[in-house]
Amino acid sequence: MTVLADSSPSIEQRLSDGEVAPGFRLITLPMGVQDVVTIAGSFYGGDIFSPTENQAIADITAAMLDKGTRSRDKFEIGALLEDVGAAIRFNSDDYRVNFSARCLKSNLPMVIELLAEQLMEPAFHKADLASLKKRVLGNLKRQLESTDEQARIAFSQLLYGPRHPNYIPGIESQMAEVEALTCEDLAAFHRQHYGRGSIALVATGDLDRAELEQNLAAQWGRWPQVDITPPSLDDHRADLTTPGREKFVTLQEKTSVNLLMGMAVGIDREHPDYMALVVATFILGGNFSARLMTTVRDEAGLTYGIGSSIGGAGEGKDGFWAIHGTFAPPLLATGQAATLEQLDRWLGDGVTAEELAAKKTTITGSYQVGLASTKGMAGAILNVVERGRELSYLDTYPDDVRALDLEQVNGVIGRYLDRDRLVLVAAGSIDEQGEPLAPAS
Amino acid sequence: MQDFEQVRSSGGITEYTLSANGLTVLLMEEHSAPVATLMVTYRVGSRNEAIGHTGATHLLEHLMFKGSADYNRDNGRSIWTVLQDVGAQLNATTWLDRTNYFEMLPSEHLETAIAIEADRMRNAFIRDEDRQSEMTVVRNEFERGENDPMEALEKNLWATAYQAHPYHHSTIGWRSDIEGVATERLKAFYDTYYCPNNATVTVIGDFDTGQTLAWISSHFGRHAASPEPIPEVYTTEPAQEGPRRFIIKRAGEAGIVGLAHKSPPGLDTDKDALAVLGDILGGGKTSRFYRALVDSGLATSASAWDHPFRDNGLFIAYVFLTPDTPHDKGEAIILEIYQAIQDEGVTAQEVDRAKGQVRAQVAYSRDGSFAVAAALNEAIATGDWTHYTTYQDRITAVTPEQVQSVARKYLQEDQSTTGWFIPLSGGKAAS
């Protein structure tokens, strides 16, 4: 069974896959849309490779890639791209430097040339770093007043230690690290971590693979080979015996509180139980017709949004399970109680066969819908590549979802989740007991 | 097909009218993926509200998910369950001039989505007990918005710039109106505006035109046109006779400047030059705002956009200041840039760049069925869906002289509203 009609070739059959240079994998998929090409790619060089004394280096190095190269300044590059409505974006996540681009077919050679130039020869000018620092510090300062960000930080710090990639440092600490960076730091990090080795580039849309391959080989063959692998997390995994805790973060004059509750689960997304845990969690709070939205929002009217999900489980990381919702400060206690009631029911009784059947079709159907655009398809392919799976997984993923049975799904709930380990965090205009602050006079 | 009158075609999209009740239908087949998007756009938004029931259009939008005669929780076929169980991505949005409901789903389920939208067009329950529980949901949506300084600033910009016209209030409405509006009022609103002759059904993607028209006729054709004409909004905004200013002081960490100028209705011929002006000011690294405000480290971001609404608009510039940048400096730089364009005009290169971006955006909007439907939705709201399909040709015709002319005509101090968000220290207390 594939996501396409039975008479259509599978995604794997329509894909072309191969190395254009050692350590540089190119996957292409022509799609029906006219003139549009989407690129998504990544390589190792993300936050986990930052030195422990300054964990901002990977992020800021990636953020400097579009600030000019040794041969062109940022405005020249901006003009070339913006004249034709093209865009190239970079960012760094826990493990990888990610890049993406979108352009018209006729502009693809130029975009590939600029992408290569920006990745290989960033200028790291002092003035650009000084300007970027001001903006990054400004954005970080805004996060000091974000109920969402403050809840996420507190939650991550209760679940993980500082050396774990899922741990989010406090804003003040992040600001100090950004302030301390120099261009020399960034250039050295770039030299040591950027290069061929783990790079994958996915292109989807109206494209000619042979032409693209030729362009890529001409540009990227000269990039040095850099073989780096992520450090082991074995000494830093979350402690699954730590009892549950609560933390309330106070922010002034906020009309809505962000509530997070959850726990580390000790497995990553390649674990055989992972998909069953995802589906069980989806039944609890994956969409509007899941239990939490049906009861806490639709029936009780306590929140605009509440859901549950598994996060931080990529690249071998031991991930976490969480419920996230928002409540007016005076409704936080009621909302929290209503949420815990649903959680206890789910933990105690599991899910039903009807719920499992319904959510299986939800997940497989929305997967099909997500593949309908070049961006959705490129993202799905890159995800499979980064996970180290065969490309046939793009076709067989729905089969794996359909194959789950009730015993598996209910089994993982008890195996990985323990009510006594539940961590609860709320951030907003509440005091340290979670009671609403008096309104500002 | 005999139930429909074919009205016109533009940009690969064909318009039909369902003869029985005046329902407008827009169709564009595109078979690159087995997915279709259905969107129903009602030509009613927060511009149709008044004091006491601001936010009613949006609250009603929420109640439209609470059940209708054929699709409800009691019969085990709630809208969310039926559609999400087949993998549909669905939701609804409300804005000043329109309310839209949409489903992006595997195309074999298109008829189900059509049946649901047709049923709730005239058979939605709109019960008082549902309003009561949904009111607090919407109030939390309001509260979440109020957490964001930018949203607070934007609400005040519109409320200060427009005093008589209903664009004065935001789509979410005032808190007390969200809490106090009666169910009877929502029902009356529903009966007045949720009619086939006030709606457009758009289908984009993998479907067969003949079959889809037959489904639309079968499901929507059972509703009669509204017995009375759809009420017109007759309030016009009195002339503004001088600049307006306001300040919001609230716990926070960083300042924002918003500078708005009155601009014309969405179908006005000056709108295209204003769109190009917005791009020259705020579109990308080559833009004037980026060079003067962002690259210099004075702002974390800066934007400019002319809102293309049905009755009037606002050309708004926002500058998110970095911590050491005073508000008056950010504001002065915007005004200097405006003055330079009014005095010296813009370059042909800047205009060509904006045109290049529009050319690409039009191609990108054909990438997936939802993007076309979403763009059509906004064009329908301004009063003419072909405003989307003719956009590229219109932008291509814009000259540098026209851009300078609209800058002179609309960016006048007496037509301006300026707002500052000033953060008060101590936004985050010790935890």
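Every chain is numbered from 1 and lettered A, B, ... according to where its sequence line falls, protein lines coming before strand lines. These numbers were taken from a predicted model, which means no experiment stands behind them.
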Residues which pass ring-ring contact (aromatic ring centres under 6.0 Å, His included) with B:Phe370, listed by chain and number, not counting sequence neighbours: B:Phe102
Toward chain B, the part of A:Thr326 with a non-hydrogen atom under 4.5 Å: both
Under 4.5 Å from a heavy atom of chain A, the part of B:Ala33 involved: side chain
Selection from B:Val137, B:Thr81, B:Asp279, B:Val138 maximising heavy-atom pairs under 4.5 Å formed with chain A: B:Val137
B:Lys66 versus chain A, the contacting section by heavy-atom distance below 4.5 Å: side chain
Chain B contact via A:Asp298 - which portion, at a heavy-atom distance below 4.5 Å: both
Results of side-chain contact (heavy atoms from CB on, under 4.5 Å) for A:Ala127 - residues two or more places apart only: none
Any A:Gln150 side-chain heavy atom under 4.5 Å of A:Leu144 side chain: yes
Min side-chain heavy-atom separation A:Lys67-A:His125 under 4.5 Å: no
Best-contacting candidate, B:Val86, B:Asp206, B:Thr37, against chain A by heavy atom pairs under 4.5 angstrom: B:Val86
Heavy-atom pairs under 4.5 Å with chain B, option from A:Gly428, A:Gly376, A:Gly138 with the top count: A:Gly138
Pair A:Ser256-B:Asn147, side-chain donor/acceptor within less than 3.5 Å: no
Leading residue by heavy atom contact count with chain A [cutoff under 4.5 Å; candidates B:Arg73, B:Arg250, B:Glu108]: B:Arg73
Check against salt bridge (charged side-chain N to carboxylate O under 4.0 Å, His left out), A:Arg89 and A:Asp66: CA-CA 8 Å; A:Arg89 300 187 199 289; A:Asp66 67 352; over 6 Å; no
Contact origin within B:Val358 toward chain A - heavy atom pairs under 4.5 Å: neither
Sub-4.5 Å side-chain heavy-atom contact between B:Arg127 and B:Thr183: no
A:Leu132 versus chain B, the contacting section by heavy-atom distance below 4.5 Å: neither
Heavy-atom proximity to chain A below 4.5 Å, by part of B:Gln84: both
Worked verdict on B:Arg139 versus B:Glu179 for salt bridge (charged side-chain N to carboxylate O under 4.0 Å, His left out): CA-CA 7 Å; B:Arg139 190 173 62 190; B:Glu179 293 173 334; 2.8 Å; yes
Part of B:His109 lying under 4.5 Å from any heavy atom of chain A: neither
Residue pair A:Ser131 / A:Arg135, side-chain donor-acceptor N/O under 3.5 Å: yes
Student check: side-chain heavy atoms of B:Asn72 and B:Asn75 closer than 4.5 Å: yes
ring-ring contact (aromatic ring centres under 6.0 Å, His included) partners of B:Tyr290, counting only residues at least two apart: none
Selection from A:Asp148, A:Asp128, A:Asp431, A:Thr361 maximising heavy-atom pairs under 4.5 Å formed with chain B: A:Thr361
Top of A:Glu76, A:Arg142, A:Lys375 for chain B proximity - count of heavy-atom pairs under 4.5 angstrom: A:Arg142
Identified side-chain contact (heavy atoms from CB on, under 4.5 Å) partner of A:Met31 from the options A:Thr204, A:Thr38, A:Val37, A:Val36: A:Thr204
side-chain hydrogen bond (donor to acceptor under 3.5 Å, both in side chains) assessment of B:His58 paired with B:Glu141: CA-CA 11 Å; B:His58 174 247; B:Glu141 187 178 1; 3.0 Å; yes
Distance-only side-chain donor-acceptor flag, B:Gln132 / B:Asp128, under 3.5 Å: yes
Parallel, tilted or perpendicular: ring planes of A:Tyr367 versus A:Tyr397, cut at 30 and 60 degrees: tilted
A:Glu299 versus chain B, the contacting section by heavy-atom distance below 4.5 Å: both
Between A:Ile363, A:Asp35, A:Val33, A:Val369, the one whose heavy-atom pairs under 4.5 Å with chain B are most numerous: A:Val369
Which of A:Met377, A:Lys359, A:Lys74, A:Gln143 touches chain B most, by non-hydrogen pairs under 4.5 Å: A:Lys74
Partner chain A: residue of B:Leu83, B:Leu298, B:Val294 with the largest heavy-atom pair count (under 4.5 Å): B:Val294
Close contacts, residues 320-327 of chain B versus chain A, judged by heavy atoms under 4.5 Å: B:Phe320, B:Leu321, B:Thr322, B:Pro323
Partner chain A: residue of B:Ala88, B:Gly368, B:Ala371, B:Ser133 with the largest heavy-atom pair count (under 4.5 Å): B:Ser133
Residue, of B:Asp352, B:Asp295, B:Val35, that accumulates the most heavy atom pairs under 4.5 Å with chain A: B:Asp295
Toward chain A, the part of B:Glu146 with a non-hydrogen atom under 4.5 Å: both
B:Leu90 and B:Ile79, any side-chain heavy atoms less than 4.5 Å apart: yes
Among A:Asn287, A:Asn139, A:Val84, A:Asn107, residue most engaged with chain B (heavy-atom pairs, under 4.5 Å): A:Asn287
Polar contact flag, side-chain donor to acceptor under 3.5 angstrom, B:Asp85-A:Ser289: no
